[in-house]
Amino acid sequence: MKFLDTAKIYIKSGNGGAGCVSFRREKYIEFGGPDGGDGGRGGHVYVECVDGLNTLIDFRYQQHFKAKTGHHGMGKNRTGGAGDDITLKVPVGTQIFEDDNETLIADLTHVGQKLQLLRGGDGGFGNTHYKSSTNQAPRRADPGYPGAEKWIRLRLKLIADAGLVGLPNAGKSTFLAATTRAKPKVADYPFTTLTPQLGVVYAGGREFVLADIPGLIEGAHEGTGLGDRFLGHVERCAVLLHLVDATGEDVAADYRTIRHELEAYGHGLAGKPEIVALNKVDALDDETRAARLADLETAVGHPVMALSGVTGEGRDAVLLALLARIKAPVVAENAEAEEAAAGEWDPCRSA
Ligand SMILES: Nc1nc2c(ncn2[C@@H]2O[C@H](COP(=O)(O)OP(=O)(O)OP(=O)(O)O)[C@@H](O)[C@H]2O)c(=O)[nH]1
Ligand SMILES: [Mg+2]
């Protein structure tokens, strides 16, 4: 399935049906009086969050959504039926913005959430409505009220518990493939991953969702490489797993590059709990490994974890550390108590 995380669509609710001018005509009944029914309301436009979707690709093929017009009123006091509603189906994590792309209309975060975006126009009154003691044969009926219309923007921000960040080639997709049943593409060139991927991790008797996003490079916030637009998909994560490639010459600089990009992106990413892991340690001899770990620890300011996505070294420890952070919000009210309970050293960094 193709991945698309933004879409601009046009929605319109149905116009109301027109009221009817009609008079009762029956044998032996003189001056039967008005009997024109009211028009029915136009269809509403709803949006609903459904299971089983993880892209907005459907909105690339259809961008205009119009609900039906209400049925017109008819003689014999028959009210017109309501126009059919339409419901846009979107994946979990979709945000709906006004056309200005800033005003948030809705943030759909769980399956089954449904909301009305536009109300259908009301039906017009038929001439029965206008009958009175002084006007017993009104010829007035109203047209239906028009429906509303607008352009809206959809933005999908995947919902994951933990997010992978790092330079291209840091081994993010390898880690995702090793810990979940996801099958991301892995290759030894930068920007192998072009769209975010999710996987479910089973660890410590629990499960959580891990997101892999394309690598970041220096200047990503200015659009270099694939830019930082995919960072939106880790915005909602409880914790970030920052992988640093141990085979890189300067691990401290690599770490700082990503930190800088997270800060430049904003939206609270830089302040998110972060677990830093030196990845690909299997590729180093003991001496280099110790030196690189020390370099990275100096840059990070606290101990980091050694990891190899390929051999599995350190994998479980990293997963449990992630899990601890994901569960943390429940008890996070008292951050100090949590800190104390975390033991001598905490692989996570909180701002
Ligand atoms: N030796 C060793 N190689 C690894 C390890 N993890 C990943 N690699 C190799 O590093 C290369 C890049 O791995 P990917 O998982 O595609 O890296 P990525 O971070 O997803 O890269 P992008 O998608 O381009 O951002 C591949 O050739 C992997 O085989 C590891 O733990 N040890
Ligand atoms: Mg990748």
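Everything quoted here is computed from the prediction, not taken from an experiment. Each ligand, and each atom within it, is numbered from 1 in the order the structure gives.
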Per-residue contact class, Ala177 against ligand 1 - non-hydrogen pairs under 4.0 Å: neither
Lys/Arg-Asp/Glu bridge criterion (N-O < 4.0 Å) met for Asp142, Arg140: yes
Modelled atom types, side-chain donor and acceptor of Gln63 and Tyr10, under 3.5 Å: no
Residues in side chain to side chain donor-acceptor pair (under 3.5 Å) contact with Asp245, at least two apart in sequence or another chain: Thr247, Lys280
Within-cut-off N or O pair, Ile213 and ligand 1, under 3.5 Å: no
Element-labelled atoms of ligand 1 that are located less than 4.0 Å from some non-hydrogen atom of Pro190: 24 (O)
Exceeds 12 heavy-atom contacts within 6.0 angstrom, atom OH of Tyr145: no
Residue Gly215 vicinity, atoms of ligand 1 by number, heavy atom under 4.0 Å: 25 (O)
Ligand 1 to Phe191 polar contact by distance, N or O atoms, under 3.5 Å: yes
Protein contact to atom 7 (C) of ligand 1 [nearest heavy atom, distance to 0.1 Å]: Thr174 OG1, 3.2 Å
Kindly list each side-chain donor-acceptor pair under 3.5 angstrom involving residues 205-219, sequence neighbours excluded, with atom names and distances?
unit_1 : atom_1 : unit_2 : atom_2 : d
Asp212 : OD2    : Ser173 : OG     : 2.6

Side chain, backbone, both or neither: the part of Phe175 lying under 4.0 Å from ligand 1 by heavy atom: neither
Ring geometry between His233 and Phe3 (parallel below 30°, tilted from 30 to 60°, perpendicular above 60°): perpendicular
Heavy-atom nearest neighbour in the protein, as seen from atom 25 (O) of ligand 1, with distance rounded to 0.1 Å: Lys172 NZ, 3.0 Å
Protein contact of atom 12 (C) of ligand 1 - nearest heavy atom, named by residue and atom, plus distance: Asn169 OD1, 3.0 Å
Thr257 and Asp254 side chains, donor-acceptor separation under 3.5 Å: no
Glu249, CD atom: more than 12 neighbouring heavy atoms under 6.0 Å: no
Within 45° cone and under 6.0 Å: Arg155 NZ/CZ vs Phe97 ring: yes
Residue pairs fulfilling salt bridge (Lys or Arg N to Asp or Glu O under 4.0 Å) with at least one residue in residues 228-241, sequence neighbours excluded: Asp5-Arg229, Asp107-Arg236, Lys157-Glu235
Whether His221 and His260 hold their rings parallel, tilted or perpendicular, with breakpoints at 30° and 60°: perpendicular
Nearest-neighbour protein heavy atom for atom 10 (O) of ligand 1, which is reported as residue plus atom name and distance: Lys280 NZ, 2.9 Å
Residue, atom name and distance, where the atom is the protein heavy atom closest to atom 29 (O) of ligand 1: Val186 CG1, 4.0 Å
Donor-acceptor pair between Asp38 and Thr79 side chains, under 3.5 angstrom: no
Taking atom 17 (O) of ligand 1 as the reference point, the nearest protein heavy atom with its distance: Gly171 N, 3.2 Å
Which of the ligand 1 atoms, numbered from 1, are nearer than 4.0 Å to a heavy atom of Val310: 2 (C), 3 (N), 4 (C), 5 (C), 6 (N), 30 (C), 31 (O), 32 (N)
Residue part near ligand 1, for Asn279, under 4.0 Å between non-hydrogen atoms: side chain
Tyr265 and His267 aromatic ring geometry - parallel, tilted or perpendicular at 30°/60° bounds: tilted
Distance from atom 31 (O) of ligand 1 to nearest protein heavy atom, with residue and atom: Gly309 N, 2.9 Å
Neighbouring protein N, O or S atoms of the Mg ion (ligand 2), below 2.8 Å: 2
Protein contact to atom 23 (O) of ligand 1 [nearest heavy atom, distance to 0.1 Å]: Thr193 OG1, 2.7 Å
